[in-house]
Amino acid sequence: MSQKPAIPKGTRDFLPEDVLKRNLIFSTISTAFNRFGFQPIETPSFELSSTLMGKYGEEGDRLIFRILNSGEKVRKADLEALASDNLPRFANSLSEKALRYDLTVPFARFVVQHQHELSFPFKRYQIQPVWRADRPQHGRYQEFYQCDGDVVGSDSLRNEVELIQVIDQVLSTLKLPGFTIKLNNRKVLSGIAEVCNASEHLIHLTVALDKLDKIGEDGVINELMGKGFEASVIDSIKPLFQLKGSFEERISFLSAFLSKSEIGMKGLEELSYIHSKFRDNPLVKGQLELDVTLARGLNYYTGAIIEVKAHEVVMGSICGGGRYDDLTGLFGVKGLSGVGISFGADRIYDIMETLELFPSDLRSGPDVLFLNFSETEADQCAIWANSVRDLGKVAEVYPSQTKLQKQLKYANEKGAKWVLFYGEEERQKGIVILKHMESGEQHTYPADAWLSSWEG
RNA sequence: GAGGUUGUAGCUCAGCAGGUUAGAGCAUCGGAUUGUGGUUCCGAAGGCCGCGGGUUCGAACCCCGUCUUCCUCCCCA
């Protein structure tokens with residue numbers, strides 16, 4: 001009985017070529033992090049549910065993939081909770097583990113758990129898949145890779161500057177035609193709420209502001225009215241919709257707007273500090289932009305907020321991050337400041353695919369393919385193949401004695417550069433024939449010395 | 001989680017208001033060419049028409065459910 005092959009929604013298979021392309025992105029990212037002194041770590045694919053639950057807000061909890069208890073443990077199911085419609089409790093009784101939802105929370109757990117083995121400031125990067133029970137859409141998958149870099153144990157703004165440089169270096173190296181690194185600061189958002197007398201509704205305010213580029217000014221106003229904001233408050237926010245001009249111009253506008261808010265001014269100061277560092281040490285390709293509507297969903301950011309958008313393509317952000325002053329506080333260690341970014345490798349992949357940015361020579365076949373004429377000659381070829389491998393080249397011996405036509409077709413499809421003929425005829429004459437697949441030219445060499453004259 | 005949309009050969013798609021053995025191109029395999037690939041020509045194989053139920057003399061086509069696809073919202077990488 002055969003079954004129709006299928007994979008779950010939101011997941012993908014990767015063919016050899018796809019993996020090579022993705023590895024190019026990964027290696028570009030890890031190279032950049034390495035150059036800035038970040039070190040790699042890994043954490044398990046799944047964590048205890050208690051580590052993850054409640055860290056991403058109500059929405060986030062819903063999107064966490066939970067792992068069903070196995071075997072006899074299912075008997076622990078809390079049927080009373082089910083009967084009384086307490087679904088979260090019922091779910092907890094069925095599941096003690098969950099697939100990781102991002103790399104930041106597991107990293108916080110990691111830092112607390114290994115605090116005595118790490119030296120601070122600790123700079124790490126991590127490239128691993130994460131899982132979200134989200135509804136798949138363009139550029140959204142249920143399984144995707146995140147590439148995170150964080151610095152914990154240092155509140156210097158130089159870390160923010162450094163992370164922005166990493167982003168710039170990675171995306172420039174990958175030859176993205178252009179991208180904007182949007183910057184904001186949670187303190188500025190708090191300041192805005194403060195001067196508008198809306199401090200207690202900060203979240204609603206920022207969530208609505210965040211949608212400005214999507215639903216427009218009227219949409220934001222409608223949303224705020226829907227959340228019960230007073231007209232006077234909405235009016236006081238309106239000037240922000242018109243924010244235009246250079247980074248400096250926006251800073252000076254906001255300095256006036258936020259002059260009565262101490263925290264808001266602190267945020268502005270941080271933003272202009274970061275911006276000033278790129279004056280004499282400019283970015284390669286990235287464009288810095290101050291965007292007060294940038295909020296991002298995660299509510300643990302306390303300082304800088306970063307988001308990167310690629311030009312020339314419609315796609316959500318390809319990189320995001322920010323500073324969180326108390327992430328490890330959730331795991332019992334207070335006052336450890338951190339700042340980090342997260343690349344969305346799969347979105348970068350999709351962008352590079354649509355803009356055709358992947359180099360064409362990624363898929364390289366064997367340098368030499370030895371045709372298989374008979375057991376005896378193939379044995380000799382296997383010995384030669386090892387010599388070729390010792391030169392750091394790729395060599396393959398065709399495994400069976402099928403028709404030459406078939407073997408050459410294989411060589412052609414696999415992109416072999418050279419094909420070596422060594423059959424009975426050649427053996428008797430003491431020669432080998434090397435054929436260059438692209439030009440079709442053939443050269444004859446003495447069998448005992450072909451390797452030294454071959455230019456492969 | 002809410003609403004809409006899609007599903008026919010490995011891939012991209014045809015299939016006339018429900019009517020005999022469901023079609024094409026590309027890909028695959030074989031042959032033309034028993035020691036020479038990419039081109040060409042000939043041929044073959046490949047489908048519970050997403051899955052389950054219903055309506056009908058009769059369903060790829062109509063109805064219901066379910067899964068999947070893509071999209072909008074929500075949220076995010």
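Sequence lines set the chain letters: A, B, ... in the order given, protein chains first and strands last, and positions in each chain run from 1.
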Open item on the list: For a quick check of understanding: with a heavy-atom distance under 4.0 Å over all strands, which category does A:Phe343 fall into, base, sugar-phosphate or nothing?
Closed with: nothing

Task: Quiz item: A:Glu438 side-chain donor-acceptor pair to B:G38 base, under 3.5 Å - done: no

- [ ] Just compare B:C75, B:G35, B:G37 and give me whichever is closest to any side-chain atom of A:Lys435.
- [x] B:G37

Task: Sole residue of A:His311, A:Glu289, A:Lys309 in side chain to side chain donor-acceptor pair (under 3.5 Å) with A:Thr180 - done: A:His311

TODO: Select base, sugar-phosphate, or nothing to describe what A:Met437 touches, counting heavy atoms under 4.0 Å on all strands.
DONE: base

TODO: Answer yes or no: does a side-chain N or O of A:Lys409 lie under 4.0 Å from OP1 or OP2 of B:C29?
DONE: yes

Task: Secondary-structure stems for RNA chain B, with pairs counted as Watson-Crick or G-U when both distances are under 3.5 Å and runs at least 3 long - done: B:1-4 with B:70-73, B:10-13 with B:23-26, B:28-32 with B:40-44, B:50-54 with B:62-66

Open item on the list: Between A:Gln137 and B:U72, is there a contact of a side-chain N or O with OP1 or OP2 at under 4.0 Å?
Closed with: yes

- [ ] State whether A:Glu162 and A:Lys123 are salt-bridged, where the test is any N-O pair (Lys NZ or Arg NE/NH1/NH2 against Asp/Glu carboxylate O) under 4.0 Å.
- [x] yes

Open item on the list: Please determine whether a side-chain nitrogen or oxygen atom of A:Lys211 lies at a distance below 4.0 Å from atom OP1 or OP2 of B:C75.
Closed with: yes

TODO: Would you please determine if the base of B:A77 is stacked by A:Phe144, with stacking meaning a centroid separation under 5.5 angstrom and planes under 30 degrees?
DONE: yes

- [ ] Apply salt bridge (Lys or Arg N to Asp or Glu O under 4.0 Å) to A:Glu47 and A:Lys97, showing your working.
- [x] CA-CA 6 Å; A:Glu47 295 269 351; A:Lys97 299 179 284 285; over 6 Å; no

Open item on the list: Can you identify which nucleotide, out of B:C74, B:G1, B:U68, has its nearest atom closest to the A:Lys9 side chain?
Closed with: B:U68

Open item on the list: Can you see whether A:Gln126 engages A:Arg124 through a side-chain donor-acceptor pair at a distance of less than 3.5 angstrom?
Closed with: yes

Open item on the list: Measure CZ/A:Phe421 against C1'/B:G37 and give the value in whole Å, please.
Closed with: 9 Å

Task: A:Lys403 side-chain N/O to B:G31 phosphate OP1/OP2 under 4.0 Å - done: yes

